[in-house]
Number of protein chains: 2
Amino acid sequence: MARARSSKKREDIFQAGLKLFSQHGYSKTTIKDVAEEAGVSFGTVFTYFETKDQLFHACVTEPLVEFREHIMEIRNRLETLTLQQLKQIIDQHVDMFFEKEREIRVIQYVIGQPERFQEMEELDSFANEFTQFIQDIVVIGMKKGFLPNSNPEEVGHGYLAFLMGARLTYTDHKNVQLTNGFKNQALRLFGIGV
Amino acid sequence: MARARSSKKREDIFQAGLKLFSQHGYSKTTIKDVAEEAGVSFGTVFTYFETKDQLFHACVTEPLVEFREHIMEIRNRLETLTLQQLKQIIDQHVDMFFEKEREIRVIQYVIGQPERFQEMEELDSFANEFTQFIQDIVVIGMKKGFLPNSNPEEVGHGYLAFLMGARLTYTDHKNVQLTNGFKNQALRLFGIGV
DNA sequence: AGTAATTGATTGATCAATCAATTATGAGGG
DNA sequence: CCCTCATAATTGATTGATCAATCAATTACT
């Protein structure tokens, strides 16, 4: 039986799985490798996760909780949004997508093979939530006049695509010039010239 | 020994590999499955591709030739570029990224696991070529006055990221409304409001 | 007839999952 | 503080399944 989520060892195994799955994909990651990386024995992995599948599923879905909180926190104070705050939000999003490299890589691994994985539904609803959040921002920005006339849906989808693609295509997360460029380009998707 | 590239059977096997690799990844695609999909026997696959690795490598890199031609063709008549033509080019890019779903999915599979694959170098140089092409467009557009002042490098990287992300994140290539939205958003990355 | 192409059974390697044996933990009693 | 014993956690050898690659036999081609 799988153990509680709070154990130190569970977290070690989870992090090891996250690292190796994000680097080598599902099949090229062996339980033996995960065990070594986590500093536990082969058998112990199965004490905390019943199957390799369940470990992988955990690596894909559990980080969504933190991502969601990160977005929701801002969603509450959306009525008083200013352009300055929007710029801050975009900065945070770009930074988050580059900092949470492993978490997003495994998500992209799943999204990239929709015929293979069922986790899709959870990820789909998260994506919908996110684009809805962006749409709300665009509507408020237009109402308040600090955003030009736009199709909010187009901005939402375009902005999510942009963040995903930036993370997928560019590995060098230490490159400040690059991330700054992405922040400028992200602003342009909202119709704000730089 | 692997056979010449011109055979009908080689093409069938190649297309079968492209389909299955793009859907299920490298390891979950078996030679048995490829053979069935291609309508040949297990052994025949090895007549045309020495190893599974080589078949995969072919699926990742061979489509680059056509992609490159597609870009180059336009690169020749770059000096006479107009805004109208730029809009056409963007339309073509978005359409291509959605039509060539399988080809781009396997490329994204490789890009997403840089620690695992060496094909990266070929893909890297292709990406550099592409972003350089976009940078040239931005420089000319600014000189001719139909593009606002921009950092060409930022636009190049942002535009590539955007196309990749759109392809990765959205599966429904029949959705004209969606692709039209992406075309509008892509224009915004060049500083053109919609 | 002679050469090239095709076939699929066989082999050997890999690896997830199981489980019996071992080790650690900690509660209760002296 | 130490000892006992029960329970929980840990371990890795074993098992069975999967699959890439080989190759001897068969078939097609010229």
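For clarity, every value in this text was computed on a predicted model and none was experimentally measured. Each chain gets a letter, A, B and so on, in the order its sequence line appears, and its residues count up from 1.
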Over how many whole Å does the gap from [X] atom [atom1] to [N] atom [atom2] extend?
X     : N      : atom1 : atom2 : answer
B:R10 : C:dA5  : CZ    : P     : 14 Å
A:E36 : D:dG12 : CD    : P     : 10 Å
B:K32 : C:dT10 : NZ    : C1'   : 16 Å

With under 30° as parallel and over 60° as perpendicular, where do the rings of A:Y170 and B:H157 fit, or are they tilted in between? perpendicular
Nucleotide by nucleotide, nucleotides 21-30 of chain D touches protein heavy atoms under 4.0 Å in the pattern (B base, S sugar-phosphate only, - none) BB--------
Under 3.5 Å: donor-acceptor pair, side chain of B:R116, backbone of A:H24:
yes
Terminal axes of the helix from C:dA1-D:dT30 to C:dG30-D:dC1 (5 end pairs apiece), angle rounded to 10 degrees, sit apart by 20°
Is there a side-chain contact between [X] and the phosphate of [N], meaning an N or O under 4.0 Å from OP1 or OP2?
X     : N      : value
B:Y48 : C:dA5  : no
A:K9  : D:dT10 : yes
A:T30 : C:dC15 : no

Non-neighbouring partners of [X] that pass ring-ring contact (aromatic ring centres under 6.0 Å, His included), sequence neighbours left out:
X      : answer
A:F126 : none
B:F98  : B:F182
B:F67  : none

ask   = Shared ILVMFWY cluster between B:F133 and B:M72, side chains joined below 4.5 angstrom?
value = no
Practice task
Compute both the distance and the angle, then confirm whether A:K52 meets the cation-pi test with A:Y26: under 6.0 Å from the six-membered ring centre, within 45 degrees of the axis.
Solution key: yes
How would you label the contact of B:S27 with the nucleic acid (heavy atoms, under 4.0 Å): base, sugar-phosphate, or nothing? nothing
Under 3.5 Å, which donor-acceptor pairs do the side chains of residues 136-144 of chain A form with other protein atoms, sequence neighbours left out?
| from | atom 1 | to | atom 2 | distance (Å) |
| --- | --- | --- | --- | --- |
| A:D136 | OD1 | A:Q132 | NE2 | 3.0 |
| A:K144 | NZ | A:E79 | O | 2.8 |
| A:K144 | NZ | A:L81 | O | 3.3 |

Against the side chain of A:T47, the closest entry in D:dT11, C:dT7, C:dA5 is D:dT11
